[in-house]
> 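I have a structure I would like to understand better, so I am pasting it below and will then ask my questions one at a time.
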Amino acid sequence: MVVGLCTFPPLGRVSQVKRQAISFSAVLEADDHEPEQPWEICLWYSSGEQPWAEATMSLTEGSNSPNFLQLDNSRRPRFCYTAELPLTSTLRFTIKYRSGPAQSWSWARDELGVDDGLVILNAENQHTLDGDLSHIIKGLNPELKVRAVASQTPRTQLWTIEAVVGPSNDGISANLDVELGTPWGDFVRYFALVRHSAAWLGPRHGKTDFTLDKDALLCSFLSRKGKHLVLLGISSLNSVVTLLRSSHHGSVMAHIRSDESAISTGMILAAVGDNCESAIAAAIYHARALTLSSSTQDTSAQELVVESDEINPEWMQEWCDGLGYCTWNALGQQLTEDKLLDAVKCLKENDIHISNLIIDDNWQDVDYHGSNSNSYGWKRFEAEPRAFPNGLKHTISQVRQIVPGIEKISVWHTLLGYWGGISPDGEIAQQYQTVEVPRDGWKVSGPMTVIASADITRFYDDFYRFLVSCDVDGVKTDGQFMIDTWSTSVHRRGLTNTYLDAWAIASTRHFGAKAISCMSQVPQIIFRQQLSQTRPTIPVRNSDDYFPDEPNSHPHLNVFPDWDMFQTAHETAYYHAAARCISGGPIYITDVPGHYDLQLINQMTGLTPRGKTVILRPSVVGRTVDVYTGYDVDALLKVGCYNGKSSTGTPILGVFNTRPHAVTEIIPFEAFPGVVTSAEYLVRSHFTGKVAPITERESQQPRLGVTLKTGSCDIFTAYPLTCLDTETNGRINTASLGLIDKMTGGAALITNHFESLPTGKVLSTTRLKALGTLGLYISDLPHMSIERDFMITIQGIPIPVHTVRIDQRDTHVLSVDIQTAWMEMGLSSGWSNEVEVKISFDAEHV
């Protein structure tokens, strides 16, 4: 019996291809108790309006089969079948199969519950637009003001859509719901980024019926001709928030809320492109231009630009590249100086070298009024006296004495002080003007006390001066969404921008880029702060919290991966570690003292020649490869990132199984971001260490076969291949794999090049940013001898032979333990923070 069937293009999903001929692949997995059968597979398809037809798929082996780089423990036989069809328009297909001519056919839909697949031809220049938005949004509301504007993104078109909204009255916002129309008149998929809670954005997906349960900030619609329409609501301009909704009959609605006391305008941007990324880019770039234009009339925004000139420049990676530790999950909600110092000592005793420490919630002195922390108000700048009896400065000093290598220490606070704002009876309320504002939402209702507009700037400046005097280097500013829980338009209009700008100015002046914006996925904040290029780039928490005790919270990174802190000593730790490694952002652990997975930490980090522990961040942040694949679809989540220069860098693809059962999928090599069509690559699985060359791509359209059990993942890295022609052995392919003992070891590569020497030998020169195990792929390595054919040096000095071996996971990979060799040889980095490895091998002697 068939226990697994996967295809490319996939059944049940939409695929977009650029070629006018498409090669279908199907991998059938049979039960291991059944004898091998002469399986037959047929492709059943319909192109455009044509009737359904049938094509027999041929059994294939060798190079035409997908490369499965995982270890296959099931031992069930797999059969690969292929067929090729011309593609002139949209094609719908399914699969039927049987175990022999005498057996009846089984259909994938009936036996496996898999819907038909849909293939859309998206060839460049095949389809053009006439520039009229009414031809794209069918039934476009004639009452809306539509204007075509220039797009900053190639091969895209852009429009602004405006609607007039009345003034707010007596503290009550003006609200307007207006219908736009139906994208494309008939779309095949949509993706929406909705406000799934007060503080966080989340994904929604659908097919032909547009139905949203929450207001959306952004929506993208895929047409049957492979075009993408992106709609983006503009917020924060003149205290107007514009979001997107679905009507009862499936069209798009604009929901506009204005806190202005005069008539205002709500705006939506509409962008069309050949792919979703370019259309989103067109909308975002124009939104940034609109925000910048608005800020030129805004005194506080101008002040932010001026104040930015006062800070000392500092690269963000100098802060983010070190391993971080956060106290929240690790030390619980009863934080004390003793707990914190014990945790730092335990890290040191376990030889875990952190560079960044975040002292999270529960260090502040609050009044504990009310039933829970959402009602507690902040009393004074100094730390809670019972938990930190000698004050915050003393605690910071003790931490630095225990671990001198800690470079940055940050403390947590909310935008308004604490979850319940400011205590009306505390020292802060006595020193600054306060105002009582009503709120409605996020677990609590009723009034809260906050700093009044006149004193917000002085309040932040004084608070951050206090932190600097305590030797604090940065802040994690949480709960920023609370400005949107205020229930009157008067307070939102009068306080929101003042708070956002005062915090941005103060954090920039005192901490530069060392500020984390958290719980800030609110439209007003995104447009006011996070689009701006007038301040240093800062980390922004981009999804809900890490909950180690809630199983369903771990595979939640379908569209908005949660790059929050995580625990290494946890059953889902590998899954979370892989996600953070490909995120391109900082990595923080929050382990209970003494409970660490040192091996996992070593896979995430590397030791520099100067002795600092760093993470290996890809230079391009990770994001989902297919925005239209929903969380509940039986598919692997694929998150792509990239490291290095265009064309010569290393594409990386993280693959995660978020489903409650094992999933097998065929992944086209084109899913790797940044691959060059004409180049040849080598793909390596971090989990298994197996490699697969990707060559002759135009004819074979190479694909990877991936099988993952639930809650598991893998990271695939594609390395550019160098092809060498030798006189005696013909063509030899080689590639430097970076640090193969690290999850994103390709990001450790600074430079690498190969040189054919006149002696017939090949010289590989690699510069690395950290120590570890260097991997070198050589296609003829199984026929070579380490002692006879290789000479390896570090900083020009030959290394011990015992640090070099053949990787038994794949005998085409030479493994060089740079870290052990470095330590045994007693090497010093000198002025440099890089390590140079030269590997010379005899390509003619094989």
Side-chain angles (χ1 to χ4, degrees), residues 133-134 136-137 139-149 158-183 192-195 201 210 212 214-221 229-247 251-271 279-280 282-295 297-298 481 483-484 486-494 496-497 500 521-531:
L133 187 60
S134 65
I136 299 167
I137 301 179
L140 182 63
N141 191 334
E143 297 180 2
L144 299 170
K145 181 181 178 182
V146 178
R147 183 169 63 94
V149 294
L158 184 67
W159 298 264
T160 60
I161 306 172
E162 295 178 320
V164 176
V165 59
S168 63
N169 187 27
D170 293 331
I172 300 175
S173 302
N175 289 278
L176 174 68
D177 291 310
V178 57
E179 186 169 0
L180 269 68
T182 303
L193 201 56
V194 305
R195 297 193 65 185
L201 299 176
F210 182 53
L212 296 180
K214 304 282 186 180
D215 290 344
L217 179 70
L218 177 147
C219 295
S220 181
F221 300 87
L229 168 65
V230 167
L231 300 175
L232 174 67
I234 300 296
S235 297
S236 188
L237 305 182
N238 300 321
S239 300
V240 177
V241 174
T242 305
L243 299 170
L244 303 167
R245 293 177 173 176
S246 57
S247 71
S251 63
V252 180
M253 301 279 294
H255 174 69
I256 305 170
R257 186 192 75 187
S258 174
D259 291 331
E260 285 293 313
S261 57
I263 293 175
S264 301
T265 301
M267 180 184 292
I268 292 173
L269 300 182
I280 290 176
I284 294 296
Y285 291 161
H286 194 71
R288 180 177 293 150
L290 292 173
T291 303
L292 179 62
S293 176
S294 175
S295 67
Q297 308 298 321
D298 193 321
F481 74 96
I483 59 175
D484 200 41
W486 296 334
S487 55
T488 72
S489 61
V490 174
H491 291 108
R492 286 197 300 267
R493 181 176 69 243
T496 295
N497 288 346
L500 296 179
Q521 292 188 329
V522 178
Q524 303 95 299
I525 301 176
I526 292 173
F527 285 90
R528 184 77 180 184
Q529 282 189 350
Q530 297 168 14
L531 281 179

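Values in this document were obtained by computation on a predicted structure and should not be read as measured data.
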> Ignoring hydrogens, what is the shortest heavy-atom contact between Ile268 and Gly233? Give both atom names and the distance.
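Taking every non-hydrogen atom into account, CG1-CA, 4.3 Å.
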> Quick one, Arg147 and Val149 - any side-chain contact, counting heavy atoms below 4.5 Å?
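Side chain of Arg147 against side chain of Val149, heavy atoms only: contact under 4.5 Å found.
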> Kindly say whether Leu500 contributes a backbone atom to a donor-acceptor pair with the side chain of Gln529 at under 3.5 angstrom?
yes
> Has Asp170 got a side-chain atom pairing as donor or acceptor with Ile172's backbone, closer than 3.5 angstrom?
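No, Asp170 side chain to Ile172 backbone: no donor-acceptor pair under 3.5 Å.
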> Does a side-chain heavy-atom distance below 4.5 Å link Tyr285 with Leu158?
no
> Heavy atoms, side chains only, cut-off 4.5 Å: are Ile161 and Asn141 in contact?
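No. Closest side-chain heavy atoms not under 4.5 Å.
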> How many angstroms lie between atom OG of Ser173 and atom CZ of Arg493, to the nearest 0.5 angstrom?
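So the OG of Ser173 and the CZ of Arg493 are separated by 9.0 Å.
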> For the pair Val241 and Gln524, evaluate side-chain contact (heavy atoms from CB on, under 4.5 Å) and give the outcome as yes or no after the intermediate values.
CA-CA 7 Å; Val241 174; Gln524 303 95 299; 3.7 Å; yes
> Sub-3.5 Å donor-acceptor pair from the side chain of Ser246 to the main-chain atoms of Leu212, do we have one?
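At least one qualifying donor-acceptor pair exists.
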> Of the non-hydrogen atoms in Phe210 and Ser251, which two are nearest, and what is the gap between them?
CD2-O, 3.7 Å
> Check the pair Leu244, Val252 against side-chain contact (heavy atoms from CB on, under 4.5 Å), reporting the backbone distance first and the verdict last.
CA-CA 7 Å; Leu244 303 167; Val252 180; 4.2 Å; yes
> Is any side-chain N of the basic residue among Asp177 and Arg257 closer than 4.0 Å to the acidic one's carboxylate O?
no
> Which heavy atom in Phe527 sits nearest to a heavy atom in Thr291, and how many Å separate them?
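Reported closest heavy-atom pair: O-CG2, 3.2 Å.
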> Do His255 and Thr242 have side-chain heavy atoms sitting under 4.5 Å apart?
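His255 does not reach Thr242 side chain to side chain.
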> Which atoms form the tightest heavy-atom contact between Arg492 and Trp486, and what is the distance?
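Smallest interatomic distance, heavy atoms only, reads NH1-O, 2.6 Å.
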> Working to the nearest 0.5 Å, report the span between OG1 of Thr496 and CD1 of Ile483.
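Taking OG1 in Thr496 and CD1 in Ile483, the distance rounds to 4.5 Å.
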> To the nearest 0.5 Å, what is the distance between CG (Asp484) and OG (Ser235)?
9.5 Å
> Which pair of heavy atoms, one from Phe481 and one from Ile525, lies closest together, and at what distance?
N-CD1, 4.4 Å
> Quick one: pull up OG in Ser134 and CG in Leu144 and give me the separation to the nearest 0.5 Å.
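Answer for the OG-CG pair, Ser134 versus Leu144, is 12.0 Å.
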> Measure from the side-chain N and O atoms of Ser258 to the backbone N and O of Ser264, and report whether any donor-acceptor pair falls under 3.5 Å.
no
> Any side-chain heavy-atom pair from Leu231 and Leu180 closer than 4.5 angstrom?
yes
> State, yes or no, whether a side-chain contact exists between Lys145 and Thr160 at a heavy-atom distance under 4.5 Å.
no
> Do Ile284 and Leu269 come within less than 4.5 Å of each other through their side chains, counting heavy atoms only?
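SC-SC contact between Ile284 and Leu269 ruled out.
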> Evaluate Leu290 against Met267 for side-chain contact (heavy atoms from CB on, under 4.5 Å), listing each step before the verdict.
CA-CA 11 Å; Leu290 292 173; Met267 180 184 292; 3.5 Å; yes
> For the atom pair OG (Ser239) and CG (Asn497), what is the distance rounded to the nearest 0.5 Å?
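CG of Asn497 is found 5.5 Å from OG of Ser239.
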> Give the intermediate values and the outcome of side-chain contact (heavy atoms from CB on, under 4.5 Å) for residues Val146 and Leu140.
CA-CA 10 Å; Val146 178; Leu140 182 63; 4.0 Å; yes
> On a heavy-atom basis, which atom in Ser220 and which in Val230 lie closest, and how many Å separate them?
OG-CG2, 3.6 Å
> Side-chain donor-acceptor pairs under 3.5 Å in residues 162-169, sequence neighbours left out?
unit_1, atom_1, unit_2, atom_2, d
Ser168, OG, Asp259, O, 3.3
Ser168, OG, Glu260, O, 2.9

> Distance-only, no hydrogens or angles: does the Arg195 side chain make a donor-acceptor pair with backbone N or O of Leu201 under 3.5 Å?
no
> Atom CG in Leu217, atom CG in Leu193: separation rounded to 0.5 Å?
6.0 Å
